[in-house]
Asker: 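Let me begin by handing over the structure; questions about it come next.
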Amino acid sequence: MPEGPEIHRVADRLAAAVLGKPLVRVEFAFPALKPYERKLRRRAIESISARGKALLTAFDNGWTMYSHNQLYGVWKVAPAGERPVTTRSLRVALETADTAILLYSASDVEMWRSDAIESHPFLAKLGPDVLDPRLDAAAVAERLRLLAFRHRALGGLLLDQGFLAGLGNYLRAEILFAARLLPTARPCDLTTAQLRTLTKACLAIPRLSYATRGVEPKPHMHGGYQAHEGRMFHFRVFKREGQPCERCGTPIVKTTSDSRPLFLCPRCQAAS
DNA sequence: CTTTAAACCTGCTGGC
DNA sequence: TGCCAGCAGGTTTAAA
């Protein structure tokens, strides 16, 4: 469940399912986490929240579970005792009297003392979460002016979790399209108007995705996406290679930027 | 300092 | 059917 909007949605779903209820059963597939099966039994989950693409599950005994889905991790909610039919490997099961939350396939799961979680190496490097409602356009504009970021090409900068946490490959493509910029453009070379458009897109696109998305990846990774609850974030360039640009009709092109696939409109996104 | 490439995590596809 | 290379919405590491 890759980018910020999806992880935040998962956090919402998991929290609604199990928050505050005592755990009757806890399972970890990782040998290093086995001791926590006992420590967490009969305890309750205090909060489940997303930080960029990381998920933090805080228990009421001072421990917090850090997990990162990377490309493969999948969280599921299931009735207590039931296990979805899947070939995936179950990594974490947190089960209350009626509901369980289950983490499959993820390989990055750690337990931290809650009071030390901020020093986790991944979290410590994160920029502000793009879905944090306290983050506004002025703050993003200020980051684009920082010495550490202003000379960087946008293709790499938008993927850098230290710039803004939660952006990923599809958001990068959609932000660049909305801002009508190429991945080679750098903040220091942009006009005031371009910077303003880019700033707005950095916030608006992820938030639109979170709000409308409900998108679920199809069961297998290359199966594309499907609407969920009748709604789905609309890709204007991502994975639309060969299809006409919605603005100008020019076929969308697939390229590579920073070793990742990038889709763009060669006409709308011209060199600045 | 930034950028690039490769490695690694896992699951699935497509070709032979 | 079986095997393997390649790819993917990610991150880390090392090298350039």
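In what follows, chains carry the letters A, B, and so on, assigned in the order in which the sequence lines appear, proteins first and then strands, with residues in each chain numbered from 1. Atoms considered below: every heavy atom in the structure, side chains included; atoms not considered: hydrogens, waters and symmetry mates.
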Asker: When you measure from the side-chain N and O atoms of S257(A) to the phosphate of dT3(B), is any distance below 4.0 Å, counting only OP1 and OP2?
Answerer: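 S257(A) to dT3(B) OP1/OP2: no side-chain N or O under 4.0 Å.
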Asker: Rounding to the closest angstrom, what is the interatomic distance between dA6(B) and dG6(C) at atom C1'?
Answerer: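 To the nearest whole Å, 15 Å.
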Asker: Going through the distances and angles, do S209(A) and R207(A) end up as a side chain to side chain donor-acceptor pair (under 3.5 Å)?
Answerer: CA-CA 5 Å; S209(A) 178; R207(A) 288 171 183 187; over 6 Å; no
Asker: Between H68(A) and dT11(C), is there a side-chain N or O to OP1/OP2 distance below 4.0 Å?
Answerer: yes
Asker: G168(A) near the nucleic acid: base, sugar-phosphate alone, or nothing, with a heavy-atom cut-off under 4.0 Å?
Answerer: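 Sugar-phosphate contact only.
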Asker: Check whether any side-chain nitrogen or oxygen of R88(A) sits under 4.0 Å from OP1 or OP2 of dT10(B), and answer yes or no.
Answerer: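 So the side chain of R88(A) is outside the cut-off, no N or O lying under 4.0 Å from OP1 or OP2 of dT10(B).
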Asker: Over 60° means perpendicular and under 30° means parallel, so classify the ring planes of Y170(A) and F238(A), tilted if in between.
Answerer: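 F238(A) and Y170(A): tilted rings.
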Asker: Under 4.0 Å between a side-chain N or O of K254(A) and OP1 or OP2 of dA8(C)?
Answerer: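 Checking K254(A) against dA8(C): at least one side-chain N or O falls below 4.0 Å of OP1 or OP2.
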Asker: Is there a side-chain polar atom (N or O) of Q70(A) under 4.0 Å from OP1 or OP2 of dT10(B)?
Answerer: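 For dT10(B), OP1/OP2 do not have a side-chain N/O of Q70(A) under 4.0 Å.
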Asker: Sticking with atom P, work out how far dT1(C) lies from dG11(B), rounded to a whole angstrom.
Answerer: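 Looking at atom P only, dT1(C) and dG11(B) are 22 Å apart.
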Asker: Both A148(A) and S259(A) contact DNA chain B. Taking the nearest nucleotide for each, which residue is further toward the 5' end?
Answerer: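 Looking at the nearest nucleotide for each, A148(A) comes out on the 5' side.
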Asker: According to a strict under-4.0 Å criterion, is K53(A) in side-chain N/O contact with OP1 or OP2 of dG9(C)?
Answerer: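 Answer no for this pair, as no side-chain N or O of K53(A) is under 4.0 Å from OP1 or OP2.
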Asker: Using a cut-off of 4.0 Å on non-hydrogen atoms, how would the nucleic acid contact of R91(A) be classed: base, sugar-phosphate, or nothing?
Answerer: sugar-phosphate
Asker: For dT10(B), does either OP1 or OP2 sit under 4.0 Å from a side-chain N or O belonging to S107(A)?
Answerer: no
